[in-house]
Each structure stands twice: as C-alpha cells, then as structure tokens.
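The figures here come from the full heavy-atom set of this structure, side chains too, leaving out hydrogens, waters and symmetry mates.
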Amino acid sequence: MATPPPPPSGRPRTATSPGTRSLPLPGTRLLYGADYNPEQWDPHVWREDVTLMHQAGVNTVSLGIWSWALVEPTAGTFRFEWLDEILDLLQGAGIGVDLATPTAAPPAWFYRAHPEACLVEADGTVRHGGSRGICCPHSPAYARAAERVTRALVEHVARRCTTPADEGPRTAPVMWHVHNEYGAPGGDCHCECSQAAFRTWLRERYGSLEALNRAWGTTFWGQVYGDWEEVTTPRHSGTALNPACELDYARFTSDSLLARFTVERDIIRAAFPQAPVTTNFMATNCPANDYWRWASQTDVVSTDYYLEADSPVPQIWAALESDLTRSLAGGAPWLLMEHSVSAVSWQSHNRAKDPGQERRTALAHVARGADGVMAFQWRASRRGAEKFHSAMIPHAGADTRVFREVCELGAELAALSELRGTRVRARVALTWDWESFWAQDLAWRPSSLMSHREQVRTTYRWLWERGTTVDLAHPEADLSGYDVVIAPASYLVSQRACENLATFVERGGRLAALPFFAVVDAEECVHRGGAPGPLRDVLGLSVEEIRPVPVGQEVHLAPTTRGEGRAVSASPLTGTLWSEDLRLEGAEPVWTALDGPTPGPAVTAHRYGQGLAVYVSVLLDGQGLARVLEPLLNLPTDRPVVDGGARVPGLEVVTRYGVGEREGTTYTILVNHDGVAHTAALAGTDVLTGEELDSVTLPAGDVRVVRSQL
C-alpha cells in the first residue's frame, strides 16, 4: 500500500492539509464516561450498567473497540444484532456513543487465513496473533479486511439511523473512534510487503536513487545503491545501521499508520459528515507516531494517559501529557479518551490511586484544556490480560469507595460544564519534535545516557514547579505568540526550523537552547561547520568539540563577571554527563565551567536583533536550570501568590480563558497535590459551591475552580 510522503523537510502538515477540519466535542456538557465492553457480560448486566451510568453521571461511552470477531464472525459474514441491542439501550438512556471501528483486533480467522499479514521484527521474528491485534499496516489482506469491516459497520449504522425503532427515530453516534492506539504495540514491520512499501515511499520522497544516495550519505561504508530493489528497511545487521535510513524508516512507519487511519476516517465521513472522527493518541508515550502530522487529520484530538504510579511526581508527567495534547489540538479543547480510575495492570508495580487522587487527576486534565474525561473501562473484566486493571465499577461492585468517587466526580464535571470551549493561554513554549527524538536516540551518539526524554522532563518539571504554563511547539511552527522558547533535546533542527528560530529571536523573542542543540539537519547530516549550524550567528558561538563528562563526576560552574569573562564567587552549581568546548563569536559568557573536560564558557547569552539567545552547554538539573535561566528569560508565573509569596511546588494552578461571548471570564483551577493546606490570593466565585471568595484556602488534596472577571 502506498503511503503519503512527508514534505521535504519532514515538517508537520499545516492546517490547510487535505482532509483537515476541526469539530467541537459533542453535546453541551463536559464528556464523562469510559470504554464500554458489553460483549464481556450477559445482556441482563447491560441494564444494570445503564442504571449505574446514570447514577455516575456518565454521558458518553466508547463502544465496539474489540468487537471485530463479533461483527464479522467469518470472513464477509456480518452480525450486528448484539450491537443494535446495546445501541438502542444506550440511546434510550440518553447516553451518547463514541462508536469504534474494530480494526485493532483482527479475528483469529484472519490470522489463520493470512499468516503473511503478521508483523515481522527487524531480526526476523514474527509477531503472531493471540494478543492485542497487530498486523502489518502494508499487508494488502489486512487493508482489504479492515476496509471491509469498517464499511460494513458504517453502512449498517447509517441504515439503522434511517429505520425508526418502536420508541422513535434512532440517533447516530455522537463521535467515531478509529482503531485503537495506533503503533502501540507494533507498527514497524520488515516483511516483504513493508520492504516494497518503504521503497515506494522513498521514491515519492526523493524521486531518484541519486537523490537517495546523497541524502543517506551511502558512500560511507560503501552502501551505495544501484537499483531500488537493493534498498531495504533497517533490519538487524552486523553493527550500527545507516542512521539516515533509520530516520526515514521511522517517518515511513508513522506515515503508514496514518494512511490506515485516513482510509477508515474517510469511509466514516462519507456517511456521517457532521460527526467528529478521532483516534486515541498516546501523546508522550507512543514513539511510533509523529503526532504533529496526525493531529491535523483528526476532527478532535484525543489521548490516552495513565499515571506513572511509582513516580514521586506523577501529576507533573500527567500535566506534560495534557499540555502536549492541547498543543497538538492547536490550543482547542481536547478529549482524555482513556485513563485509569485507580491502578493499571501493566506497569511493574501497579499501585492503586489514593482516596481523592482520581478527582485531582481528572480535574487537572480539565484545567489544562480537556473538555472530557473518559476511562478504561466501565466495568472491570473478570477474564483476560487486563482483569486487574481498575474500572469505574470494580470487581467488588458499586458499593465501593472507587465507585462512590466516580459518582462524585461525575457530579462535579456536570457542574463544570460552563468551562467547555474555554482556552488555556501560554507565553512560553518548549520545542517538541518526534523526528529529532528519533534521531537523537539512534546508536553511536556521544553518550547513550543523553536521553531526550529525561532532558525534556527535567526542563518541564522546573517550569511546572515554578508555576509557568507552557505549550509544546514544533520548531518550524508559528512561534510569534510566545515570549520565550526553550529547546531541550533539539539534536535535529532542519534548515526551515533554524530560519524560524532565528526570526523568532530577531523579532524580540527569548530563546534558550539546551545541550546537543542543532547538530544535524533533516537528513541526519551534521550541519556544515558543526553545531549549531545555521544558528551560529543567532547564538554567537560554535561548538568545537563535544566532550562528555565521565560518569559519576561533576562539572562545577560559577557566574561570570560581565565584560571580563572571569568566574565570580557564588554558591556552586554543578552539571553532569555532558560538556562542550565553545568558541564565542559574539556571545557573552554568563556561567563558566571551573573544571571538567572543558573549563571555560558553559552558559552564554547573545543579543540578536531585538531578542536574546541563550545557550546552555552542560547538563543541569531543574534547580540548575532555574538559577541559570530565570535571570535571563523573564519567565511568567501563572500561579497566584500563595502563602506570603512563596512558590509551592505541589500546588498546580492553571487558568482557562473564555472566548467569544465569554471573553473576559476566567476559570482558575487550583489542585493541591501537597499534604498541607495553602491559601491563594484569588478573588471570584467557586464554581462548584457558588461561594464568593476574597481568597482561596485549599485543604490538602483538594481542588477549587474559581470564576473571575478580567
């Protein structure tokens, strides 16, 4: 199957891409519900489910995600009786349906008939059925079968909507949900179909073998290709592979999965043009997909996120997921499609949520722009691999703390429906580029310990704890709405991105680039003259040599006297793992390394145009970033003053702003993750209680939502 080639620079498609549109979430309330899998239960349980859904305030469920074997029990034979019964039941109860195409779960008969459709790993291992369904996205058999079952489902539901039931007209699904978590598991395949599809993708991208050989630098190690049939996916070999080939293969894999999504999406749109169509991302946790390219192809951006139970700060990583998802949505409201109301079943140590933690988690997602909170799943399974995964109704039933909290949260979300459509505003952006992450994490880098994930998380945690709301932005995106851009883990910076960042600084923006920055271009080729390539004039420096710090050792830094380049006495600051030998070409040293592999300038600042470009060449923790960057970047703090002006790292405060007729109305959500109470200087109306407030006292573990007027 041919897949669409990326633009020459690998940049994300713009909002004018074919198929792009944005639709609001259905209804007038914040969505609340879960994946509903009634096929696991006898029909008499379904009626109990609907009663309990009303009790819990559930207004939407995702249905049919794992139902392929039920709707198509044998190839070409379709049975929808069970689906019609449950759809009628849910409609009669006024519960909206987010109806899924079941293509994430090919039936056993499909694997038996088409063993060639199984994924083949880079070492030749075949992934068979028997787990969550994964198939080669390039398999013609899978493509035919997936399109057939999608078309049959859509046509049946369309006919159903024109055939009144005894109680009156049947309604259409409020949303459509394509597949499930594309790329998790699987997506990259090395079978013969994938080899052919990869060559087709490369032909469309490069046009000729000569262009491919140049872009991949195949004269190195004598890898020159003389015929397209000689080109293969990056399968296991004797040692390191061609990194440009590996990067293109990652792009190809994302595009291939996206092509499968758009086929099913377009079948749905043809029959239900007004219904939003989505697929559930895993924004921070699925490295297979470049979601910048995906987001413009969905009507609503949705994501699945599960707390890292053993993390000391799980709320921070949940906030990162929310901020990234909102950014993928272009600032528009988004949907939390899946999360767990308590424990999951697949982490190494599956801790249950503490009392009240589910409320804090859900409302923190709402604070950061979600207009709906959905869970996996409605009723805990008694069988199967996820039987120990929590659900809105646990194994112990409705008379439980978990279900009581589910009901309490449902009532609060209903009371907060006036937040629908409001927006979060950020003046600071972190760059986020899946292509750069793919490239940085390939083999044979200066240090395998230089994890892109940890670089991003360290930076984000510092900003979260200081109360600065951020967007995530592709480095080629429009940055004009931001005062500050911080670029962690930006190893690959394309020519277009370099020009974009230069324009941002020239027009008055403040840029902070962190270590290992702008080393290669979009072809995974080192920029001419080395890092930071085309941004050399912007940063006012070049990198002569990368010199990793021995493991276990530290680099000690001290602030530099302006104009003299000398370190001055101050409390010490330490870096680890990484250092760079900088040649200053106009930049001023701000912090100096006193020891380590490269004594000398370590943090620099350079005026460029109307703006400022800062470079940090050592790896710092959050406290180090705060000491180095806060005096230079003039960062905003969105949190209201609390406890006499002190920062409280455990207090999460985010504001949503009214738009249109509600311009001037703000909703500030305060989530206290601390074990002690805090007081905030914030006046307004408590949306949940109606109380008029001059200040907000927030007990330990509590949440308040305050409406104010600008």
From CA spacing to verdict: salt bridge (Lys or Arg N to Asp or Glu O under 4.0 Å), Glu408, Arg404: CA-CA 6 Å; Glu408 291 165 3; Arg404 284 190 287 274; over 6 Å; no

If you take all heavy atoms of [X] and [Y], which pair is closest and at what distance?
X      : Y      : answer
Val366 : Leu30  : CG1-CD1, 4.4 Å
Pro699 : Asn672 : O-ND2, 3.1 Å
Ser340 : His389 : CB-CE1, 3.7 Å
Trp432 : Val456 : CZ3-CG1, 3.6 Å
Val687 : Ala415 : CG1-O, 3.9 Å
Gly421 : Val659 : O-CG2, 3.6 Å

Hey, mind stepping through Tyr291 and His474 against ring-ring contact (aromatic ring centres under 6.0 Å, His included) and telling me if it holds? CA-CA 11 Å; Tyr291 286 128; His474 192 280; over 10 Å; no

Less than 6.0 angstrom separating the ring centers of Phe261 and His179, yes or no?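 Between His179 and Phe261, which both carry aromatic rings, the centre distance is not below 6.0 Å.
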
If you draw a 6.0 Å radius around [atom1] in [X], do more than 12 non-hydrogen atoms from other residues or ligands fall strictly inside?
X      : atom1 : answer
Arg79  : CZ    : no
Gln709 : CD    : yes
Glu663 : CD    : yes

Judged by modelled atom types alone, do [X] and [Y] share a side-chain donor-acceptor pair under 3.5 Å?
X      : Y      : result
Tyr667 : Glu418 : yes
Ser381 : Gln377 : yes
Gln297 : Arg265 : yes
Thr685 : Glu692 : yes
Asp49  : Trp378 : yes
His177 : Ser62  : no
Thr422 : Arg656 : yes
Glu358 : His339 : yes
Tyr482 : Asp471 : yes
Tyr182 : Asn280 : no
Trp294 : Ser254 : yes
Thr101 : Thr150 : no
His156 : Asp84  : yes
Thr278 : Thr298 : no

Ionic contact status for Arg379 with Glu48, cut-off 4.0 Å: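 Counted as a salt bridge, because a side-chain N and a carboxylate O are separated by less than 4.0 Å.
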
Is the side chain of [X] donor-acceptor paired with the backbone N or O of [Y] at a distance under 3.5 Å, no angle test?
X      : Y      : answer
Thr303 : Ala283 : yes
Gln347 : Ala309 : yes
Glu321 : Tyr305 : no
Gln357 : Asp354 : yes
Ser302 : Thr279 : yes

Check: [Y] and [X] side chains under 4.5 Å, non-hydrogen atoms:
X      : Y      : result
Thr469 : Val428 : no
Trp464 : Leu320 : no
Glu147 : Arg260 : yes
Arg423 : Arg326 : no
Leu416 : Leu363 : yes
Arg383 : Lys387 : no
Trp292 : Ser327 : yes
Lys353 : Thr361 : yes

Begin with the C-alpha distance, continue with both residues' side-chain angles, and end with the deciding distance and a verdict on salt bridge (Lys or Arg N to Asp or Glu O under 4.0 Å) for Arg359 and Asp702. CA-CA 9 Å; Arg359 177 179 183 245; Asp702 200 6; 2.8 Å; yes

Mind checking whether Phe80 and Phe78 have parallel, tilted or perpendicular rings, split at 30° and 60°?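 Parallel.
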
Report yes or no: is the cationic atom of Arg457 (NZ for Lys, CZ for Arg) under 6.0 Å from the centre of the six-membered ring of Trp317, at an angle within 45° of the ring normal?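 Geometry flag: set, cation within 6.0 Å and 45°.
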
Show me the pairs that pass salt bridge (charged side-chain N to carboxylate O under 4.0 Å, His left out) and involve residues 35-44, at least two apart or across chains.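 Counting only pairs at least two positions apart or across chains, no salt bridge (charged side-chain N to carboxylate O under 4.0 Å, His left out) contact touches residues 35-44.
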
Using 0.5 Å steps for rounding, measure from the CZ atom of Arg368 to the CG atom of Leu324.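 Here the rounded value is 12.5 Å.
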
Take Glu264 and Arg148 through the test salt bridge (Lys or Arg N to Asp or Glu O under 4.0 Å) and record every step on the way to the result. CA-CA 10 Å; Glu264 295 183 32; Arg148 181 178 66 212; over 6 Å; no

Please list, chain by chain and in numerical order, all residues satisfying side-chain hydrogen bond (donor to acceptor under 3.5 Å, both in side chains) with Ser480, sequence neighbours excluded.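 Partners of Ser480 under the side-chain hydrogen bond (donor to acceptor under 3.5 Å, both in side chains) test: Asp478.
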
